[in-house]
**Student:** 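Attaching a single structure in structure tokens format; questions to follow.
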Amino acid sequence: QVQLVESGGGLVQAGGSLRVSCAASTRTFSNYAMAWFRQAPGKEREFVATISPKGLNQYYTESVKGRFTISRDNAKNTVYLQMNSLKPEDTAIYYCAAGPGYLRIGQFGNWGQGTQVTVSS
């Protein structure tokens with residue numbers, strides 16, 4: 001099992017930037033694909049971005065392409081999500097997850113507790 005702890009959320013104005021982080025407690029972090037999901041109030045959790053185990057490949061949902069960047073530091077067991085040009089519709093709880101393959105979106109799990117991101121208009 002992989003334990004994940006997200007941090008870095010907060011309140012930001014529209015057009016601003018924020019970086020959220022996710023620290024993993026496992027010795028085999030570099031074996032896992034990692035992903036970010038989010039859940040807005042009253043909505044289901046949705047996929048945001050994913051990165052392959054060595055960080056060579058990334059994939060994003062259409063609504064965040066060109067604005068968000070997922071990255072990882074395997075030496076620090078940490079995955080990041082840099083969010084630029086934020087919009088009010090990006091407001092959600094952001095969760096990271098670990099999985100067996102970066103394009104196997106439905107197989108991500110080991111959810112963290114999430115970090116709240118609020119974008120004011």
Side-chain angles (χ1 to χ4, degrees):
Q1 289 289 331
V2 181
Q3 292 188 324
L4 303 169
V5 178
E6 300 93 338
S7 62
L11 174 64
V12 62
Q13 289 188 334
S17 298
L18 201 62
R19 188 179 79 160
V20 292
S21 303
C22 171
S25 60
T26 174
R27 294 182 179 181
T28 58
F29 179 71
S30 61
N31 291 347
Y32 290 94
M34 298 298 296
W36 286 95
F37 290 74
R38 65 186 180 187
Q39 187 167 18
K43 295 187 177 181
E44 293 187 353
R45 186 157 50 193
E46 65 171 355
F47 163 77
V48 176
T50 180
I51 189 167
S52 58
K54 298 298 187 287
L56 297 178
N57 302 100
Q58 302 85 35
Y59 178 72
Y60 301 89
T61 193
E62 194 64 35
S63 62
V64 307
K65 283 182 181 178
R67 300 190 298 123
F68 289 13
T69 302
I70 188 171
S71 63
R72 66 190 294 161
D73 185 339
N74 286 348
K76 295 182 178 180
N77 280 14
T78 302
V79 61
Y80 306 96
L81 185 68
Q82 176 67 45
M83 302 180 286
N84 299 329
S85 301
L86 282 161
K87 304 175 181 179
E89 50 264 44
D90 294 318
T91 295
I93 299 174
Y94 282 71
Y95 300 90
C96 68
Y102 83 106
L103 292 179
R104 297 161 75 173
I105 306 302
Q107 296 185 24
F108 278 94
N110 294 290
W111 304 99
Q113 85 290 347
T115 186
Q116 176 71 47
V117 173
T118 303
V119 184
S120 62
S121 57

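Throughout, numbering of the chain's residues begins at 1 and tracks the sequence.
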**Student:** Could you tell me how the ring of Phe68 sits relative to the ring of Tyr94: parallel (under 30°), tilted (30 to 60°) or perpendicular (over 60°)?
**Tutor:**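 If you compare the ring of Phe68 with that of Tyr94, the planes turn out tilted.
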
**Student:** Let me see the working for Asn110 and Gln1 under side-chain contact (heavy atoms from CB on, under 4.5 Å), right down to the final yes or no.
**Tutor:** CA-CA 7 Å; Asn110 294 290; Gln1 289 289 331; 2.5 Å; yes

**Student:** Going by salt bridge (Lys or Arg N to Asp or Glu O under 4.0 Å), name the pairs with one or both residues in residues 27-41, residues two or more places apart or in two chains.
**Tutor:**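 For residues 27-41, and leaving out neighbouring residues, the salt bridge (Lys or Arg N to Asp or Glu O under 4.0 Å) pairs sorted by first residue read Arg38-Glu46, Arg38-Asp90.
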
**Student:** Over all heavy atoms of both residues, which pair between Ser21 and Thr78 is shortest? Give the atoms and the distance, please.
**Tutor:**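 Answer, listing the atom of Ser21 first, then Thr78: CB-CG2, 4.3 Å.
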
**Student:** Keeping Arg45 on the side-chain end and Ile93 on the backbone end, is there a donor-acceptor pair under 3.5 Å?
**Tutor:**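 Side chain of Arg45 to backbone of Ile93: no pair is present.
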
**Student:** For the residue pair Ala14 and Ser121, what are the closest heavy atoms and their distance?
**Tutor:** CB-CA, 4.3 Å

**Student:** Same cluster for Val64 and Met83 if Ile/Leu/Val/Met/Phe/Trp/Tyr side chains link at under 4.5 Å?
**Tutor:** yes

**Student:** Sub-3.5 Å donor-acceptor pair from the side chain of Ser25 to the main-chain atoms of Gln3, do we have one?
**Tutor:**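 Between the backbone of Gln3 and the side chain of Ser25 there is a qualifying donor-acceptor contact (under 3.5 Å).
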
**Student:** Step by step, work out the side-chain contact (heavy atoms from CB on, under 4.5 Å) result for Val20 and Glu6.
**Tutor:** CA-CA 7 Å; Val20 292; Glu6 300 93 338; over 6 Å; no

**Student:** Could you go step by step and tell me if Leu11 and Gln116 meet the side-chain contact (heavy atoms from CB on, under 4.5 Å) rule?
**Tutor:** CA-CA 8 Å; Leu11 174 64; Gln116 176 71 47; over 6 Å; no

**Student:** Backbone N or O of Tyr102 within a donor-acceptor pair of the Thr50 side chain at under 3.5 Å?
**Tutor:**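 It does hold such a pair.
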
**Student:** Is Trp111 reachable from Met34 through a run of hydrophobic residues whose side-chain heavy atoms are each under 4.5 Å from the next?
**Tutor:**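 No, separate clusters.
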
**Student:** Measure the shortest side-chain to side-chain distance between Asp73 and Tyr80 over non-hydrogen atoms and say whether it is less than 4.5 angstrom.
**Tutor:**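 In short, these two side chains touch, coming nearer than 4.5 Å.
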
**Student:** When you measure from the side chain of Asn74 to the backbone N and O of Pro53, does any donor-acceptor pair fall under 3.5 Å?
**Tutor:** yes

**Student:** Would you please name every residue forming a side chain to side chain contact (heavy atoms under 4.5 Å, CB included) with Arg104, sequence neighbours left out?
**Tutor:**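 Counting only residues at least two positions away or on another chain, Arg104 forms a side chain to side chain contact (heavy atoms under 4.5 Å, CB included) with Pro100, Gln107.
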
**Student:** For the residue pair Phe29 and Ala24, what are the closest heavy atoms and their distance?
**Tutor:** CD1-CB, 3.4 Å

**Student:** Does Asn84 reach the side chain of Ser17, with side-chain heavy atoms less than 4.5 Å apart?
**Tutor:** yes

**Student:** Would you compute the distance between atom OG of Ser63 and atom NZ of Lys87 and round it to the nearest 0.5 angstrom?
**Tutor:** 7.5 Å

**Student:** Is there a path of hydrophobic side-chain contacts, each under 4.5 Å between heavy atoms of I/L/V/M/F/W/Y residues, joining Ile105 to Leu4?
**Tutor:**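 No, no single cluster joins them.
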
**Student:** How many angstroms lie between OG in Ser52 and CZ in Arg72, if you round to the nearest 0.5 Å?
**Tutor:**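 Answer for the OG-CZ pair, Ser52 versus Arg72, is 7.0 Å.
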
**Student:** Is there a path from Phe108 to Leu103 through hydrophobic residues (I, L, V, M, F, W, Y) whose side chains come within less than 4.5 Å of each other?
**Tutor:**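 Both belong to a single hydrophobic cluster.
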
**Student:** With no hydrogens and no angle check, is any side-chain donor or acceptor of Tyr60 less than 3.5 Å from a backbone partner on Ile70?
**Tutor:**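 Yes, Tyr60 side chain to Ile70 backbone: donor-acceptor pair under 3.5 Å.
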
**Student:** So does Gln113 have more than 12 non-hydrogen atoms from other groups sitting under 6.0 Å from CD?
**Tutor:** yes

**Student:** Look at the side chain of Arg67 and the backbone N and O of Ser85, then say whether any donor-acceptor pair between them is shorter than 3.5 Å.
**Tutor:** yes

**Student:** Heavy-atom distance under 4.5 Å between the side chains of Val79 and Leu81, does that happen here?
**Tutor:**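 In short, these two side chains do not touch, never coming nearer than 4.5 Å.
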
**Student:** Give a yes or no on whether Tyr59 atom OH has more than 12 heavy-atom contacts from other residues, nucleotides or ligands under 6.0 Å away.
**Tutor:** no

**Student:** With the 4.5 Å side-chain cut-off for hydrophobic clustering, are Val48 and Leu86 part of the same group?
**Tutor:**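 Per the 4.5 Å side-chain linkage, Val48 and Leu86 are co-clustered.
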
**Student:** Should the heavy atoms of other residues, nucleotides or ligands under 6.0 Å from NZ of Lys65 be counted, would the total exceed 12?
**Tutor:** yes

